[in-house]
Asker: 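Please see the structure below; I have some questions.
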Amino acid sequence: MSSVFALVDCNNFYASCERLFRPDLAGRPIVVLSNNDGCIVARSAEAKALGIKMGVPVYKVERYLQQHDVAVFSSNYALYADMSARVMSILEELAPRVEIYSIDEAFLDLTGIDSIQSLDAFGTRIRQQVGQHTGIRVCVGIAPSKTLAKLANHAAKQYPATGGVVDLTNPERQRRLLALVPVSEVWGVGRRLRQRLETDGIRTALDLASANPKSIRQQYSVILERTVRELNGESCLSLEEITPVKQQIICSRSFGQRITGYQEMREAICAYASRAAEKLRQEQRIAKRLSIFLRTNRFNAAEPQYMPSPSAELPIPTDDTRELVATAVKLLRACWKDGFRYMKAGVMLTDFYETGTFQPDLFNKGAEHPRSKALMAVMDTINQSGHGHVFLAGQGINQVWKMQRRSLSPAYTTRWQDIPVVK
DNA sequence: TCTGGGGTCCTAGGACCC
DNA sequence: TCTGGGGTCCTAGGACCC
């Protein structure tokens with residue numbers, strides 16, 4: 001039996017989440033900003049119609065946003081993550097196998113379902129169920145490979161006449177769509193590849209699908225070869241239901257304002273290392289390598305630049321906040337230089353082992369903190385309960401470097417005092 | 001004044017080994 | 001005149017994704 005995938009993708013997800021709890025914004029353009037209110041990362045249909053581009057820095061379009069009465073929101077990740085979980089749980093009820101691909105997308109395995117009902121009808125049912133239970137609109141693309149399902153979804157979004165569902169299992173229909181789509185819309189083709197492909201005369205998705213896979217592999221990469229095969233309906237990417245274990249954990253932020261002093265930087269590094277340690281414990285892993293990095297503003301050519309990224313191996317892999325923070329601070333002390341205006345910093349953990357499986361060498365036994373595990377568990381429990389927040393003093397209390405979120409909406413669905421009240 | 005954050009995979013090249 | 005070959009491991013960098 002040949003495989004059938006569906007890609008379900010939420011429409012303008014972040015902007016839609018904001019509008020769910022603000023019915024007064026119906027018909028008004030909405031944009032959502034990145035962390036630190038830096039650039040635009042999501043737009044409602046109305047905002048797109050105004051020609052506002054994805055990824056533009058806010059300061060470049062500030063006037064324009066005001067002129068057109070655009071509602072502007074800081075990223076409210078807690079809200080989006082919670083709405084996402086609701087959408088995904090509905091998909092999991094409808095399809096036997098689901099791969100949650102990102103916060104607003106999921107692949108479904110529909111293999112064999114067409115013997116029970118038409119794929120189109122199934123897609124419509126998904127839209128209807130998700131819409132009814134969450135208020136979020138989705139589009140559905142259906143095809144024999146993930147890459148084609150992505151393109152089908154793109155078509156469902158672009159052409160309203162499709163009713164938000166495109167079944168691309170028919171090869172002739174595939175060819176017709178591929179001819180219409182520029183090659184840059186194909187999953188896996190970014191800016192660089194697009195440039196190279198176009199100079200080679202490959203402009204549409206159909207041009208790429210018609211290329212010889214072998215020579216694409218020689219001239220480009222194995223990845224693009226796979227894309228060519230996928231575009232021809234040969235499924236090379238399987239559904240991955242089980243989230244793969246993380247290979248690295250990064251915690252980094254741009255600062256709300258430039259940092260020039262060691263003390264503030266130390267606070268920030270402590271905070272990021274603590275957060276990274278928390279994520280590591282959630283993954284049930286211990287890490288053997290920790291790196292930090294500092295960044296000045298590379299966009300400002302007039303400013304002196306300094307971007308160190310030292311890294312250290314831990315004597316024994318650990319998930320203990322105190323050990324990770326201490327290592328991060330040691331690295332910071334060694335690479336810190338006065339006289340720069342730092343814009344961003346981060347902490348990265350790599351080289352993971354499953355908790356409890358690492359074999360320490362003979363000379364290191366006993367190096368582990370005896371009550372470490374219990375203490376970390378207590379910290380995590382308190383911090384996840386919503387009743388309080390415990391942290392190491394090193395990360396500071398004022399945090400003048402904290403990111404800006406001037407237009408943050410309430411945590412409607414995840415904090416008791418923010419629940420909307422109906423009067 | 002002002003430009004996100006968090007990931008993955010692949011490849012090339014150097015170090016090192018026999 | 002001539003300067004092996006094959007393998008592994010690690011890291012850095014590039015490209016992509018949302």
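Side-chain atoms are counted along with the backbone in the values below, which use heavy atoms only and exclude waters and symmetry mates.
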Asker: Taking for each residue the nucleotide of DNA chain B bearing the nearest heavy atom, is the 5' side occupied by A:Phe299 or by A:Arg226?
Answerer: A:Phe299
Asker: Going 5' to 3' along DNA chain B, which are the first and last nucleotides with any atom under 4.0 Å from a heavy atom of chain A?
Answerer: B:dC2 to B:dT11
Asker: Measure the acute angle between the ring planes of A:Phe21 and A:Tyr412, then classify it against the limits of 30° and 60° as parallel, tilted or perpendicular.
Answerer: parallel
Asker: Under 4.0 angstrom, heavy atoms only, what part of the nucleic acid is A:Arg298 near: base, sugar-phosphate, or nothing?
Answerer: nothing
Asker: Looking at A:Arg275 and A:Glu278, is there a salt bridge between them, counting it only when a charged N and a carboxylate O are closer than 4.0 Å?
Answerer: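 Yes, this pair counts.
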Asker: Give A:Glu62 one of three labels, base, sugar-phosphate or nothing, depending on what nucleic acid heavy atoms sit under 4.0 Å from its own.
Answerer: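 Counting heavy atoms under 4.0 Å across all strands, no contact is made by A:Glu62.
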Asker: Tell me which of A:Gly38 and A:Pro244 sits closer to the 5' end of DNA chain B, going by the nucleotide each one is nearest to.
Answerer: A:Gly38
Asker: Contact class for A:Leu33 vs. all strands (heavy atom < 4.0 Å): base, sugar-phosphate, or nothing?
Answerer: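 The residue A:Leu33 makes no contact with any strand.
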Asker: I'd like to know if A:Glu283 pairs up with A:Lys279 as an ion pair, taking the criterion as any Lys NZ or Arg NE/NH1/NH2 lying under 4.0 Å from an Asp or Glu carboxylate oxygen.
Answerer: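 Answer for the salt bridge query: no.
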Asker: Let's test this: given Watson-Crick or G-U wobble pairing with both distances under 3.5 Å, identify the partner of C:dG5.
Answerer: B:dC18
Asker: Assign A:Lys344 to base, sugar-phosphate, or nothing according to its heavy-atom contacts below 4.0 angstrom with the strands shown.
Answerer: sugar-phosphate
Asker: So A:Gln248, base contact, sugar-phosphate only, or nothing? Heavy-atom distance under 4.0 Å.
Answerer: base
Asker: Over all strands shown, is A:Ser221 touching base, sugar-phosphate only, or nothing at heavy-atom distances under 4.0 angstrom?
Answerer: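 If one applies the 4.0 Å heavy-atom cut-off, A:Ser221 turns out to touch nothing in the nucleic acid.
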Asker: Within the structure shown, what part of the strands sits under 4.0 Å from A:Val56 by heavy-atom distance: base, sugar-phosphate, or nothing?
Answerer: nothing
Asker: Mind telling me whether A:Tyr80 and A:Tyr14 have parallel, tilted or perpendicular rings, with 30° and 60° as the class edges?
Answerer: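 The rings of A:Tyr14 and A:Tyr80 lie parallel, inter-plane angle below 30°.
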Asker: Say we look at B:dC16 and C:dG4: how far apart would their C1' atoms be, to the nearest angstrom?
Answerer: 16 Å
Asker: Tell me what A:Asn36 touches on the nucleic acid: a base, only sugar-phosphate, or nothing, going by heavy atoms under 4.0 Å.
Answerer: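 Nothing, no nucleic acid heavy atom in range.
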Asker: Indicate, with a heavy-atom threshold strictly under 4.0 Å, whether A:Ile103 touches base, sugar-phosphate, or nothing.
Answerer: nothing
Asker: So that I can tick it off, tell me whether A:Glu230 and A:Lys150 are bridged by a salt bridge, with the cut-off set at under 4.0 angstrom between side-chain N and carboxylate O.
Answerer: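 Salt bridge absent between A:Lys150 and A:Glu230.
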Asker: Give a yes or no on whether the backbone of A:Phe13 and the side-chain of A:Asp104 come within a donor-acceptor separation of less than 3.5 Å.
Answerer: no
Asker: Base, sugar-phosphate alone, or nothing: which one does A:Arg258 contact when heavy atoms must sit under 4.0 Å apart?
Answerer: sugar-phosphate
Asker: Only pairs at least two apart or in different chains count here, so list each ring-ring contact (aromatic ring centres under 6.0 Å, His included) that has a residue in residues 285-340 of chain A.
Answerer: A:Tyr262-A:Trp336, A:Tyr306-A:Phe340, A:Trp336-A:Tyr342
Asker: For A:Asn297, answer base if it contacts any base atom (sugar-phosphate contacts may also be present), sugar-phosphate if it contacts only those atoms, and nothing otherwise; contact means non-hydrogen atoms under 4.0 Å.
Answerer: nothing
